[in-house]
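What follows is a single structure, written as structure tokens, with notes after it.
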Amino acid sequence: MKALRAVTGTSGGELARCAGVSRSMLSRVERGLASPSVETLERIATAMGVSISRFFTQRAERVDFLHVPAGHGIPVDSLAAATGGRYELLGHLLSGDLSVAPSLVQIDASDETPAALTHQGLKFIYVLSGKARYRYGPRHVSLGAGDALLFDASAAHGVVRVDEAPMNYLCAVFSLRT
């Protein structure tokens with residue numbers, strides 16, 4: 001459970017709030033110090049966008065599949081604050097040591113301050129609508145509908161300026177679990 005939460009960058013407080021459980025209960029469950037009810041596990045699984053069976057399945061026997069209906073992604077407030085827009089997690093899967101976390105990002109405007117997000121893994125971005133300047137390390141590129149980026153996310157990156165709002169893009173982060 002904690003590994004799934006870590007992949008999304010969601011804090012324990014955020015997950016507890018979305019699941020309707022106390023932060024202390026979530027922490028005890030993640031550390032194996034409490035045995036939650038099936039109802040509590042179901043609320044946590046729903047908030048994470050996974051099936052409750054995910055908590056009990058052996059990795060070798062799993063076949064991961066996740067469907068997130070339109071408008072039912074998980075808002076990620078911490079990333080929204082960092083990007084200046086709305087960040088909706090569309091799911092996350094762990095397969096062996098590989099973690100994949102796709103999201104939908106919408107930025108209506110920017111303060112024209114170069115973004116400086118950094119994290120582990122590879123990031124793929126596909127622009128759905130809008131136009132913006134995007135920073136990757138010292139490079140700046142113009143992005144518009146249909147453009148794609150693939151890069152090592154350990155370098156500073158992010159939207160620098162929105163030229164045509166709203167800027168909507170799909171983003172997927174691929175990383176190795178440590």
Side-chain angles (χ1 to χ4, degrees), residues 1-107 115-126 150-159 168-178:
M1 190 178 297
K2 188 173 184 177
L4 287 171
R5 183 174 58 76
V7 166
T8 68
T10 304
S11 72
E14 289 173 294
L15 178 57
R17 188 183 74 248
C18 290
V21 300
S22 72
R23 173 131 171 67
S24 63
M25 172 56 119
L26 179 65
S27 176
R28 290 192 318 268
V29 170
E30 287 184 342
R31 292 180 292 144
L33 301 175
S35 296
S37 67
V38 172
E39 178 186 342
T40 298
L41 282 177
E42 185 65 40
R43 288 195 315 243
I44 294 169
T46 299
M48 296 178 91
V50 299
S51 165
I52 192 172
S53 65
R54 180 63 184 269
F55 301 140
F56 304 101
T57 307
Q58 291 291 334
R59 189 178 300 165
E61 298 171 7
R62 280 194 332 244
V63 176
D64 289 328
F65 175 83
L66 179 64
H67 171 241
V68 178
H72 286 84
I74 300 171
V76 182
D77 295 334
S78 59
L79 289 172
T83 63
R86 286 184 294 285
Y87 193 95
E88 181 181 354
L89 184 66
L90 300 177
H92 53 271
L93 290 177
L94 302 174
S95 181
D97 289 332
L98 180 64
S99 163
V100 181
S103 59
L104 176 63
V105 180
Q106 179 174 344
I107 302 175
L117 299 172
T118 61
H119 50 87
Q120 295 298 315
L122 299 176
K123 184 177 264 189
F124 175 77
I125 291 175
Y126 181 80
L150 178 61
F151 54 88
D152 178 341
S154 63
H157 61 277
V159 172
N168 291 294
Y169 61 91
L170 290 173
C171 172
V173 177
F174 303 85
S175 59
L176 295 176
R177 295 190 322 171
T178 56

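All heavy atoms count here, side chains included; hydrogens, waters and symmetry mates do not. Small disclaimer: the values here were computed from a predicted structure and weren't measured. Counting begins at 1 with the first residue of the sequence.
Between A47 and L15, the closest heavy-atom pair is CB-CD1, 3.6 Å. Closest heavy-atom contact between V38 and I52: O-CD1, 3.8 Å. Across every non-hydrogen atom of G121 and S175, the tightest pair is CA-CB, 3.9 Å. For the residue pair P102 and G91, the shortest heavy atom distance occurs at CD-O, 3.0 Å. Closest approach of H157 to A153, counting heavy atoms only: CE1-O, 3.3 Å.
The CE atom of M25 lies 11.0 Å from the CG atom of L33; values are rounded to the nearest 0.5 Å. Here OG of S22 is found 8.0 Å from CG of L26. Values are rounded to the nearest 0.5 Å. Rounded to the nearest 0.5 angstrom, N168 CG and R86 CZ are separated by 8.0 Å. Residue H72 holds its NE2 atom at 9.5 Å from CD of E88, rounded to the nearest 0.5 Å. Q120 contributes atom CD, which lies 12.0 Å from atom OG of S99 (distance to the nearest 0.5 angstrom). In this structure, L122 CG and S154 OG are separated by 9.0 Å, a value rounded to the nearest 0.5 Å.
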Practice task
Would you please test C171 and K123 for side chain to side chain contact (heavy atoms under 4.5 Å, CB included) and show each step?
Solution key: CA-CA 7 Å; C171 172; K123 184 177 264 189; 3.6 Å; yes
Handout entry: Stepwise side chain to side chain contact (heavy atoms under 4.5 Å, CB included) check, L104 with L170
Key = CA-CA 5 Å; L104 176 63; L170 290 173; 3.9 Å; yes
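Partners of E30 under the salt bridge (charged side-chain N to carboxylate O under 4.0 Å, His left out) rule, at least two apart in sequence or in another chain, are R5.
In terms of modelled atom types and a separation under 3.5 Å, the side chain of T46 and the main chain of E42 share a donor-acceptor contact.
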